[in-house]
There are 2 protein chains.
Amino acid sequence: MADGPTITTIAERAGVSIASVSRVLNGLPTRQETVRKVMAAADELGYVRNAVARSLKSRRTHQVAFAMADIGNPAYLAMLREIQPVLKAAGYRLVLHSTDAVAADEIDVLHSLGERYVDGLIMSPLRVTETHLRMLATARAPVVIIGSVPDGTPVDNVRADSRTGVRLAIDHLHMLGRRRIGMVNGPLDTVPGAARGAAYREALAAVGLPYEEKLVEIGDFYRAEGRRAVETLLRRVPDIDALMCANDLIALGALDVLRAAGKRVPQDVAVVGMDDTDLAAASWPSLTSVSLGSAERGKAAAELLLDRLQHGDREPRLVTVLPRLVVRASTAGEGSEGGRSS
Amino acid sequence: MADGPTITTIAERAGVSIASVSRVLNGLPTRQETVRKVMAAADELGYVRNAVARSLKSRRTHQVAFAMADIGNPAYLAMLREIQPVLKAAGYRLVLHSTDAVAADEIDVLHSLGERYVDGLIMSPLRVTETHLRMLATARAPVVIIGSVPDGTPVDNVRADSRTGVRLAIDHLHMLGRRRIGMVNGPLDTVPGAARGAAYREALAAVGLPYEEKLVEIGDFYRAEGRRAVETLLRRVPDIDALMCANDLIALGALDVLRAAGKRVPQDVAVVGMDDTDLAAASWPSLTSVSLGSAERGKAAAELLLDRLQHGDREPRLVTVLPRLVVRASTAGEGSEGGRSS
DNA sequence: TTGTAGGCGTTATCAG
DNA sequence: CTGATAACGCCTACAA
């Protein structure tokens, strides 16, 4: 752990100037003899370039940050799994932030962009405040937002279409004959919470079902909250026959509660989740879920960012990923597993 | 995205020297009037410290790297979930690497430590080669290894005890009356593969069962490989009555195949996984699994590293995390879920 | 082809 | 208390 050699050390050892060392190290035209001497010295000393000094000079860190709302949510991990290799292939390191959906932490990340320790940022905020927008407008490095931002915000944006997603789920449940379809949502002041709540209402209308407040319960996007919410809902509407859950974690909480209450899934109550995470396929019974394309969104975000890092300014771009209903046992019964329809 | 202000910009604006600006920004004793002027200028300009320049000078980046073998394996994600908050709380950023268990990539990470873009490294190698050891011995920043390294390697080390873990599982299966207990392992040239293979043999001996080669199948630590291996095993030994799988992904693959083959779990074949990932609790049937304490190991690793970053040199330390058998439906039958015993 | 020197943005030393 | 000034390690004109 001794202090490492620098180009100065090498220069002395090889009996040349630091400029020559730098040239050799960067493959610039140099006399063979000099190249040899420098390489030899570098090898013997076990020289490794100092990335920090290099960044200071070049104004590029070859690092990109990914700020996710909740590192414990497999939907974000699915994004991470796609983002990482794309960046790695392009020679970028990935710096991770978990903001726990705390707006202040997100602002913090945005702020720290100014510190220039990364060349760009991919961010997935749950709430988008005025402050977010102001900071995005003045960010000192390219930002890609996974989630929705108002039109005109000068950043690249990758969106899910949870509205259509909810619609697919409700149609499915309706076709299965369900008529008392409840919704377990996350906070309404979050972007996804608001979108999914509105979509639920719309989708019910589309199939001719009335919207009833008693069928809706708001919690948070975690499994424990899902349990709590479904307990409440079940007490209020004992004969509820379907549950549209705003994400898979909530849906798993629902399965827990239903099992404990002796309700059969899907015979008594059908359950649909959202995000189609690994957990959906592995749960018991396996969970019908609306895929919002977490993986695709992650990949698209990484590619948008890379493109901007490489080709600089251009119009902000918007990518929308289409949802897909993945039908499994929690709505389709024992027999049919893994069927897919769009 | 214009070029940001530097302390020089501020100095000009405030009519003081850059030295004074630096002092104010770092809270060193300064005249009130100067403080005011500098802060005002900094605010107006929206100044943010340049982390790169700061690192060059201070020789600290406040970044730590985590190199995991497979970002798609929930066991590593469980570690990540613990590591991240610990580092964050201490003011460190986390840089992520996924090496996909390719030794060359791991060497690469170790090598890039010399670039000094991080202050330390947590690494979880599947294979430990001579080169690994040589590089660990000369690493230019503190390294914590999650996994086993030979005694005497000058790094902090957090270990699981998969030997005892396998033993717990085999005892459990034996007590349930299983006598043809197969093993689906990962590559034997990996540290965990070797350990678990040997442990299986030992554990069988301990309960008085013979070791039979036909009961063992080697694949890789992925679900698809688990499927393949179990298909082979099932063809070779149709009346096998239990499967010890080297991790949860393999075990899920086993469940897939058994279901397709019309075998009931656990009545016909009992299945045990390892790592006790989220997937184990959520699978169908839920999976009995040996917890090797992924979360605890991650946390311990982060704490060891922080401690070393803060208190410098000391003897390398070894932390061993104890395994725990988590019994679920895949061995205990429909009725009993989530029981725990050590 | 090579070396000298300046600068990237900070921090820290040392006179004033 | 403040202002020059010299590092930190590297890259790159520019001059030799």
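Chain A is the first sequence line, chain B the second, and so forth, proteins listed ahead of strands; every chain is numbered from 1.
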Comparing Leu56(B) with Arg31(B), nearest DNA chain D nucleotide closer to 5' gives the residue Arg31(B)

From the list His62(A), Gln84(A), Arg60(A), side chain to side chain donor-acceptor pair (under 3.5 Å) partner of Tyr92(A) resolves to Arg60(A)

Taken to the nearest whole Å, CD1/Ile18(B) to P/dT10(C) is 9 Å

Below 3.5 Å, does any donor atom in the side chain of Arg23(A) face an acceptor in the base of dG3(C), or the other way round?
yes

(Q) With a 6.0 Å cut-off (strictly less than), is the heavy-atom count around CD of Glu315(A), excluding the residue itself, greater than 12? (A) no

* Asked: Stepwise, does the side chain to side chain contact (heavy atoms under 4.5 Å, CB included) test hold for Val95(A) with Tyr117(A)?
  -> CA-CA 10 Å; Val95(A) 178; Tyr117(A) 69 93; 4.2 Å; yes

Check your understanding: Under 4.0 Å between a Lys/Arg side-chain N and an Asp/Glu carboxylate O for Asp151(B) and Arg159(B)?
Key -> yes

Assign each of Ser58(B) and Lys57(A) the nucleotide of DNA chain C bearing its closest heavy atom; nearer the 5' end lies the nucleotide of Lys57(A)

Lys37(A) atom NZ is separated from dT1(C) atom P, nearest whole Å, by 15 Å

* Asked: Which is true for Ser22(A) with a 4.0 Å heavy-atom rule: it touches a base, it touches only sugar-phosphate, or it touches nothing?
  -> base

In whole angstroms, the gap separating C1' of dT1(C) from CD of Gln32(A) amounts to 12 Å

Exercise. Using a cut-off of less than 4.0 Å, is there contact between a side-chain N or O of Tyr117(A) and OP1 or OP2 of dG9(C)?
Worked result: no

- Task: Would you confirm whether Asp119(A), through its side chain, and Val64(A), through its main-chain N or O, come within 3.5 Å as a donor-acceptor pair?
- Result: no

* Pick base, sugar-phosphate or nothing for Val52(B), based on heavy-atom distances below 4.0 Å to the nucleic acid. => nothing

5'-most to 3'-most nt of DNA chain D touching chain A (<4.0 Å, heavy-atom partner on protein side) reads dG9(D) to dA13(D)

message: Taking atom CE as the centre, does Met39(A) end up with more than 12 heavy-atom neighbours from other residues, nucleotides or ligands that are less than 6.0 angstrom away?
response: no

For this session: Report the C-alpha distance between Glu33(B) and Arg36(B) in whole Å, list the side-chain angles of each, state the deciding distance to 0.1 Å, and finish with yes or no for salt bridge (charged side-chain N to carboxylate O under 4.0 Å, His left out).
Result: CA-CA 5 Å; Glu33(B) 173 62 7; Arg36(B) 218 189 31 68; 3.2 Å; yes

### Message
I want to check one thing: is the phosphate of dT11(C), taken as OP1 and OP2, less than 4.0 Å away from some side-chain N or O of Arg49(B)?
### Response
yes

Here the distance between atom P of dT10(C) and atom CG of Leu25(B), to the nearest Å, is 8 Å

To the nearest angstrom, the CZ-P distance between Arg60(B) and dT11(C) comes to 15 Å

Atom CD1 of Ile7(B) and atom P of dA12(C) are separated, to the nearest Å, by 11 Å

*N/O (side chain, Ser17(A)) to phosphate O (OP1/OP2, dG3(C)) under 4.0 Å*: yes

Rounded to whole Å, the CD-P distance (Glu115(A) to dT11(C)) equals 11 Å

